[in-house]
Asker: 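Pasting a structure below so you can have a look.
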Amino acid sequence: MARILITSALPYINGIKHLGNLAGSMLPADVYARFQRMRGHEVLYICATDEHGTPAELAAAAAGQDVRAYCDEQHVLQKEIGERFALSWDYFGRTSSPENAKLTQHFAEVLEANGLIAEIVEKQIYSKADTRFLPDRYVEGTCPNCGFEKARGDQCDNCGKLLEPTDLIEPYSTISGSRDLEVRDTRHLQLKQSQMEPRLRQWVDEATSWPQLARSIAYKWLDEGLRDRTITRDLSWGVKVTKDGGPREGFEDKVFYVWFDAPIGYIAATAEWAKATGNDWERWWRTDKGAGDVSYVQFMGKDNVAFHTVSFPATILGSEEPWKLVDRLKAFNWLNWYGGKFSTSSKRGVFMDSALELLPSDYWRWYLTSNAPEGSDTQFTWESFQGVINSDLANVLGNFVNRITKYCAAKFEGQVPAAGTPGEAEAWIASELSERLKALTAHYEAMEYRKAAAETRAIWAAGNEYLTKAEPWVKYKSDVDAAAVGVRTGLNLAALFAIIAQPIIPDTAGKVLGALGVPDDRRSWPDWQDKTLLDALPQGHAITPPEVLFAKIEDASVEEWKERFGGE
RNA sequence: GGCGGGAUAGCUCAGCUGGUUAGAGCGCAGGACUCAUAAUCCUGAGGUCGAGAGUUCAAGUCUCUCUCCCGCUACCA
């Protein structure tokens, strides 16, 4: 039994996430976690809300709330909506936890002791009206290059020129609109990433199992030369900066930068889990304390790759402590929405809460997995969604379960028939299954989601093909025992189809397995070499046809949703 | 500008280290069946694999050039 640690990129706290966020990290991580649990491995799937940073403060202000209260509320909302999507986190923590503060401070102090952190003085824009320093992008003004009037302090959106806030003509705060700004000196901590480059490069050199995309992004950063990053900010909301365990002089009004403490949140959330459940978190994260045999897998969108392959490892490696580093990494492209992006800030697209108002989570889980944005960016369209759901779930799987269970109830009193001897059709489906189960398992191990879903569907479709070959309804007229073989095999196929569907559509799979009376300890991942798969249900065992599993999506619904969500 | 990813049947996409008639799903057409959510099963129509050149006995599959999309470019997560 292997031990597998799984994390998905931490969803930011400012509101319910959209389907793009779900498809690109949390859902694939969940599918993988479920698959590996079914294989009998010891899995720990950790996620958390990422709560620090200016956007959180602004969102709280916009909601008229204290930032802590806002985060408390949003954390619960995200946790609940994730659970309603059947995300099987072992723990869903928060980066604002005491555990994360402690660990973040620990890393900073260790890095400083190792000579990798220096204090520097920077000049930054201070807004008197807002009584705070402004991050570059919260200062706008006229671009000195092209004259565009709404250039941001980091870059001009019109001409693309990279800017410093002090370059702007007539700058103002985007928070209050105030022009009462001044440049002030401010002390900060800087992480000497440039000193880490050889070690990071060596580490990436050894990470030969990463996807090409991940390695090329990592090398790009390394080749350009790692910049020393300022890891503190002039904010009040975040992890306090300490020295020797106490407040650090001159840093009383500063916190760590969100990108420094967020990935540490993976570890901290595991510590939260340990505290809540009485487990030991260090055996998952410290190679000197039992984590040596852990395989650590990270899931994220492509925008996050550099932080996971370079920035966070710099923190870990720089500590010189035996922390677990990522072993496998799966990155996703974007799920787009009618030509543009899903956008939290401009409310474009479908969000997790409204998705569930339309249809149960399995519908979304299936679509987003079978059309995962793996190779390139992918478009979400209602027409495609409708087609996939109706064909794959309603027609191929749902109808199969319905036809075989109804027929069994009608002709065999709802009991798994015992009579008859397997023949040609059964030999065909058996060989088909062993071949396809082998392929399916390999696709999951390789984290190839589209292929895994396509193979799952192909197995379901083979069930329908089997029934055409076996045609128990024809044989029933002349030879009831021959029909019995077909029904028994068909029922076992239904059970098997539900078992292999569990990683992607756990709720529906559970319904089918419940209706067929398959006990929990008979629901684990099938071995493709197992010869008893088609006779696993006890003969004579009573089954109940489940309710229709999937309702088809009508054209009228699509029209209504397009209207409601603006999908054109 | 730099870096990276795409461009394959009407649509969405597979095609690993180059090698028999380029594949799948959807859609479409015809047929079969009737247990089932008018579901299912079979068959078919054929795309100069973005353009051009090159390497090779042999190229979607390697090299070069070009065109068109898209993403990233570090204090926005």
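Chain A is the first sequence line, chain B the second, and so forth, proteins listed ahead of strands; every chain is numbered from 1. A quick note: this is a predicted structure, and the numbers were derived from the prediction, not measured. Values below: all heavy atoms of this structure, side chains included; hydrogens, waters and symmetry mates excluded.
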Asker: Roughly how many Å is it from CZ in A:Phe256 to C1' in B:A77, rounded to a whole number?
Answerer: 20 Å
Asker: Atom pairs, N/O to N/O, protein against nucleotides 10-16 of chain B, distance under 3.5 Å?
Answerer:
unit_1 : atom_1 : unit_2   : atom_2 : d
B:G15  : OP1    : A:Lys451 : NZ     : 3.1

Asker: Tell me the interatomic distance from A:Asn14, atom CG, to B:C76, atom C1', rounded to whole angstroms.
Answerer: 10 Å
Asker: Tell me whether the OP1 or OP2 atom of B:A74 has a side-chain N or O from A:Trp259 closer than 4.0 Å.
Answerer: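 Indeed not, no polar side-chain atom of A:Trp259 lies that close.
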Asker: In whole angstrom, give me the gap between the C1' atoms of B:A38 and B:G4.
Answerer: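 My reading of the C1' atoms in B:A38 and B:G4 gives 48 Å.
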Asker: Taking the same atom, P, in B:G23 and in B:G15, what whole-Å distance lies between them?
Answerer: 15 Å
Asker: Would the A:Trp364 and A:Phe385 ring centres measure less than 6.0 Å apart?
Answerer: yes
Asker: Under a plain distance cut-off of 3.5 Å, with no hydrogens placed, do A:Asp130 and A:Ser173 share a side-chain donor-acceptor pair?
Answerer: yes
Asker: Could you give the distance separating B:A7 and B:C66 at their C1' atoms, to the nearest angstrom?
Answerer: 14 Å
Asker: How close or far is atom P of B:A39 from atom CZ of A:Phe400, stated in whole angstroms?
Answerer: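 In whole Å, B:A39 P and A:Phe400 CZ are 18 Å from each other.
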Asker: Side chain of A:Asn464 only, please: which of B:C41, B:C35, B:U37 is the nearest?
Answerer: B:C41
Asker: B:A58 and B:G19: how far apart are their C1' atoms, nearest whole angstrom?
Answerer: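 Taking atom C1' in both B:A58 and B:G19, they lie 6 Å apart.
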Asker: Is the cationic atom of A:Lys552 (NZ for Lys, CZ for Arg) positioned less than 6.0 Å from the six-membered ring centroid of A:Phe550 and within 45 degrees of its normal?
Answerer: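 Output no; distance or angle outside limits.
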Asker: Does the ring center of A:Trp382 lie less than 6.0 Å from the ring center of A:Phe380?
Answerer: yes
Asker: Counting only Watson-Crick pairs (N1-N3 plus N6-O4 or O6-N4) and G-U wobbles (N1-O2, O6-N3), all under 3.5 Å, who is the partner of B:C72?
Answerer: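 Partner of B:C72: B:G2.
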Asker: Roughly how many Å apart are B:U34 and B:G47, using the P atom of each and rounding to a whole number?
Answerer: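 Going atom to atom, P in each nucleotide, I get 36 Å.
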Asker: Under 3.5 Å for both donor-acceptor distances, Watson-Crick or wobble: does B:G30 have a partner, and if so which one?
Answerer: B:C42
Asker: Which whole-number value in Å describes the distance from A:Tyr407 OH to B:A36 C1'?
Answerer: 12 Å
Asker: Should B:G47 form a Watson-Crick or G-U wobble pair with both distances under 3.5 Å, which nucleotide is its partner?
Answerer: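 Its partner: none found.
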Asker: Nearest to the side chain of A:Tyr257 - B:U37, B:C41, B:A77?
Answerer: B:A77
Asker: Between A:Phe307 and A:Trp259, is the ring centre distance below 6.0 Å?
Answerer: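 Yes; A:Trp259 has its ring centre under 6.0 Å from that of A:Phe307.
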Asker: Pull up the glycosidic torsion of B:G60 and say syn or anti, syn being anything within 90° of 0.
Answerer: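 Chi for B:G60 falls in the syn range.
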Asker: Side-chain N or O of A:Asn395 versus OP1/OP2 of B:U40: is the shortest distance under 4.0 Å?
Answerer: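 Indeed, a polar side-chain atom of A:Asn395 lies that close.
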Asker: Below 3.5 Å between N/O atoms, which protein atoms pair up with nucleotides 25-30 of chain B? Just atom names and distances, please.
Answerer:
unit_1 : atom_1 : unit_2   : atom_2 : d
B:G25  : O3'    : A:Arg457 : NH2    : 3.0
B:C26  : OP1    : A:Arg457 : NH2    : 3.3

Asker: Would a 4.5 Å heavy-atom cut-off, applied to side chains only, mark A:Lys254 and A:Leu235 as touching?
Answerer: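 With C-beta onward as the side chain, the pair stays apart.
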Asker: What are the two closest heavy atoms between A:Val388 and A:Ser370, and how far apart are they?
Answerer: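 Closest pair (atom of A:Val388, atom of A:Ser370, distance): CG1-OG, 4.0 Å.
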Asker: Suppose we define a pair by two distances each less than 3.5 Å, Watson-Crick or G-U wobble; what does B:U12 pair with here?
Answerer: B:A24
Asker: Under 4.0 Å, counting only non-hydrogen atoms across every strand here, what does A:Ala461 touch: a base, just sugar-phosphate, or nothing?
Answerer: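 Touches sugar-phosphate only.
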Asker: Taking for each residue the nucleotide of RNA chain B bearing the nearest heavy atom, is the 5' side occupied by A:Ala551 or by A:Asn390?
Answerer: A:Ala551
Asker: Nearest-Å distance, CG (A:Asn399) to P (B:U37)?
Answerer: 7 Å
Asker: Please give, in whole Å, the distance from B:U34 P to A:Lys475 NZ?
Answerer: 14 Å
Asker: P atom, B:A45 versus B:A22: distance in rounded Å?
Answerer: 12 Å
Asker: For atom P, what is the distance between B:A9 and B:G50, given to the nearest Å?
Answerer: 8 Å
Asker: Between B:U63 and B:U55, how far is it from one P atom to the other, in whole Å?
Answerer: 15 Å
Asker: Starting at atom CH2 of A:Trp473, determine the distance to atom P of B:U40, rounded to an integer number of angstrom.
Answerer: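 Whole-Å distance recorded here is 13 Å.
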Asker: Could you please name the partner base of B:C62, counting Watson-Crick and G-U wobble pairs only when both distances are under 3.5 Å?
Answerer: B:G54
Asker: Should B:U67 form a Watson-Crick or G-U wobble pair with both distances under 3.5 Å, which nucleotide is its partner?
Answerer: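 Across all strands, the one nucleotide that pairs with B:U67 is B:A7.
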Asker: Taking the ring of A:Tyr12 and the ring of A:His52, is the distance between their centroids below 6.0 Å?
Answerer: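 When the ring centroids of A:His52 and A:Tyr12 are compared, they turn out to be at least 6.0 Å apart.
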Asker: For the pair A:Glu197 and A:Lys192, find out whether any cationic side-chain nitrogen is under 4.0 Å from an anionic carboxylate oxygen.
Answerer: no
Asker: What is the separation between atom OH on A:Tyr363 and atom C1' on B:U37, rounded to the nearest whole Å?
Answerer: 11 Å
Asker: Using 4.0 Å as the upper bound for N to carboxylate O, is an ion pair formed by A:Glu471 and A:Lys475?
Answerer: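 The answer is no: the pair does not qualify as a salt bridge.
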Asker: Heavy atoms only, 4.0 Å cut-off, all strands: where does A:Asp50 land among base, sugar-phosphate and nothing?
Answerer: sugar-phosphate
